[in-house]
Amino acid sequence: MATTDSGPAPNFIRHIVEEDLKHGKNDGRVVTRFPPEPNGYLHIGHAKSICLNFGLAADFHGVCNFRFDDTNPSKEEMEYVESIMADVRWLGFDWGDRLFFASDYFEQLYQYGLHLIKTGHAYVCDLTAEQVRSFRGTLTEPGQDSPDRGRSIEENLDLFQRMRAGEFPDGARTLRAKIDMASPNLNMRDPVLYRIKHESHHRTGDAWCIYPMYDYAHPLSDALEGITHSICTMEYEDHRVLYDWAIDHCPVPFRPHQYEFARLNLGYTVMSKRKLLQLVNEGHVSGWDDPRMPTLAGMRRRGYTPEAIRTFCDRIGVGKRENLVDLALLEFCVREDLNFRAPRVMGVLKPLKVVLVNYPEDQVEELEAINNPEDPGQGTRPVPFSRELYIERDDFMEEPPKKFYRLAPGREVRLRYAYFIKCEEVVKDPVTGEVAELRCTYDPGTRGGYAPDGRQVKATLHWVSASQAVPAEVRLYDRLFTQPVPGEAHGGDFKADLNPASLTVLTSCRLEPSLAQAAPGSFYQFERQGYFCADIKDSAPGVPVFNRTVTLRDAWAKLQQARKR
Ligand code: ATP
Ligand code: MG
């Protein structure tokens, strides 16, 4: 796996750029681009590409163009354009005035099409999509020429112009490159360059009814923008000859080069936009920004920080070999970032009432709690303490097994920043038999959580004072899928591996009063429970809703230790 404990991992594209600069290639210019298709929200895989392209530009005094690859009107929408821009900005990258749309080049690309026809390198073909496919041949058999391959230049020009003018219905004709129907590379067997689609485009409206294919539009857009390093994922490796063919046969102002790297695959995650769209449309998640989604919008809502995601992208490195990155590494990066930044607070997720029978009624005292032990500069805050408290239901057991050190009948524990308390009596619900309340005593001599006589306790619990606590909803998340490669054991049916327990909503949580006014999007460590973030959509001052970003259990560190052993 291309991962290391800390620090950035190898990045072979960076070495290519360094070499190019050393040899004075492209007059020392570095121009990259990030070319999303606006047909879905960005995901963590796109973040790898964004960090790579914008990162190289930043590190080598270059520029990175932000280009929407909007050549297919059927699946593209303005909503996606806007979300993609917001996500790139959120991730921390600035494209300045370098925002481009492939659709801005439609006229130029059309002119290149005419040029290809005039030079004998393209022809109009009347075969249906199905026929084109069956004429293409296979990996072991050559394809067959289209009956239209020999059309005269004049006839091709006439038909292509009439395709543009809207004279033919969808699918009636295509413009194809005239390359080699026997090429061992299927992409070179007279690929389609243009298709007819009488559809409105989100930017060009009804100006066009023919649309260029990706393999044609992409290299030419790169050339028009003077891209020096056109970086894409490995599945385009076999398309590179076609990329170069388009550059070689059109009178372009610049010669870009394509480089391929391995896409990011993340365990327990699906990353294809088609699959993510299905999850959204079929209601398996609440939307593209559901905190369980691997989208940047989902991760933002979950409480992942842009810094953590960028660090993750550095640590996974850039190589050519496909691999599956452990989700634990991403969570490790999130935890590491939040550890220094998130203030500590106390919040009880599943409350159990505790009454301190020897504590004065109506008394409330303020105890001092540390905001962040990792960063003394964050200071302290007062937390109220009184006779009635809540502790975590899981922190009490009536009949504790051997290794349970927390509260139990007759046992003493420490309340964080407060006092030692001892459980004297268990009150049960007369109907259900469930533990309803604990009656405890506190030791007034242990204020601050330490006994002057040196007496030790085995557990420290978090708590909140009942009458000052803020009721809140808290949402806990687990992996969206139960298998590292969703669908692997079900012939690709990834939904068969959906985790039915990926979301737990807790509605009776009690938080310390400092959280009442938590700003949407602000993050905290709830002591012993993990990192949490006030939901940017549903949380409001006075009625907080928190998402658990990540637990405190560091699965990644454990894994690293196990590997070293
Ligand atoms: P998907 O397969 O998820 O639908 P895509 O490749 O079709 O993604 P684009 O909008 O074309 O989506 O992607 C924009 C850029 O992001 C491309 O350069 C693409 O190579 C890159 N990219 C997409 N997915 C990943 C990934 N998992 N890892 C790294 N880069 C990716
Ligand atoms: Mg793509």
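Both ligands and their constituent atoms are indexed starting at 1 by order of listing.
- Ligand 1 has Phe34 within reach: a non-hydrogen atom of the residue lies less than 4.0 Å from it.
- Not a single N or O atom of Asn39, backbone or side chain, sits closer than 3.5 Å to an N or O atom of ligand 1.
- Tyr194 pairs with exactly one of Phe106, Tyr211, Phe160, Phe168 by the ring-ring contact (aromatic ring centres under 6.0 Å, His included) rule, that one being Phe160.
- Side-chain contact of Glu225 with Tyr105: a donor-acceptor pair under 3.5 Å is present, judged by distance alone.
- Residue Lys48 has no nitrogen or oxygen atom sitting less than 3.5 Å from a nitrogen or oxygen atom of ligand 1, judged on distance alone.
- Taking every non-hydrogen atom of Phe261 and a distance limit under 4.0 Å, the qualifying atoms of ligand 1 come out as 29 (C), 30 (N).
- Interface atoms of ligand 1 facing Met271, defined by a heavy-atom separation under 4.0 Å, are 3 (O).
- Counted within 6.0 Å of CD on Glu19, heavy atoms from surrounding residues, nucleotides or ligands total more than 12; the atom is thus considered enclosed.
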Next item on the list: Evaluate the criterion side chain to side chain donor-acceptor pair (under 3.5 Å) for residue pair Thr228 and Asn26; output intermediate values, then yes/no.
Entry: CA-CA 7 Å; Thr228 55; Asn26 306 310; 4.5 Å; no
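- Looking at heavy atoms from C-beta onward, Asn265 lies in side-chain contact with Glu322 at the 4.5 angstrom threshold.
- Not a single heavy atom of Arg274 lies less than 4.0 angstrom from ligand 1.
- Residue contacts with ligand 1: Ser272 is placed with no nitrogen or oxygen under 3.5 Å of a nitrogen or oxygen of the ligand (distance criterion only).
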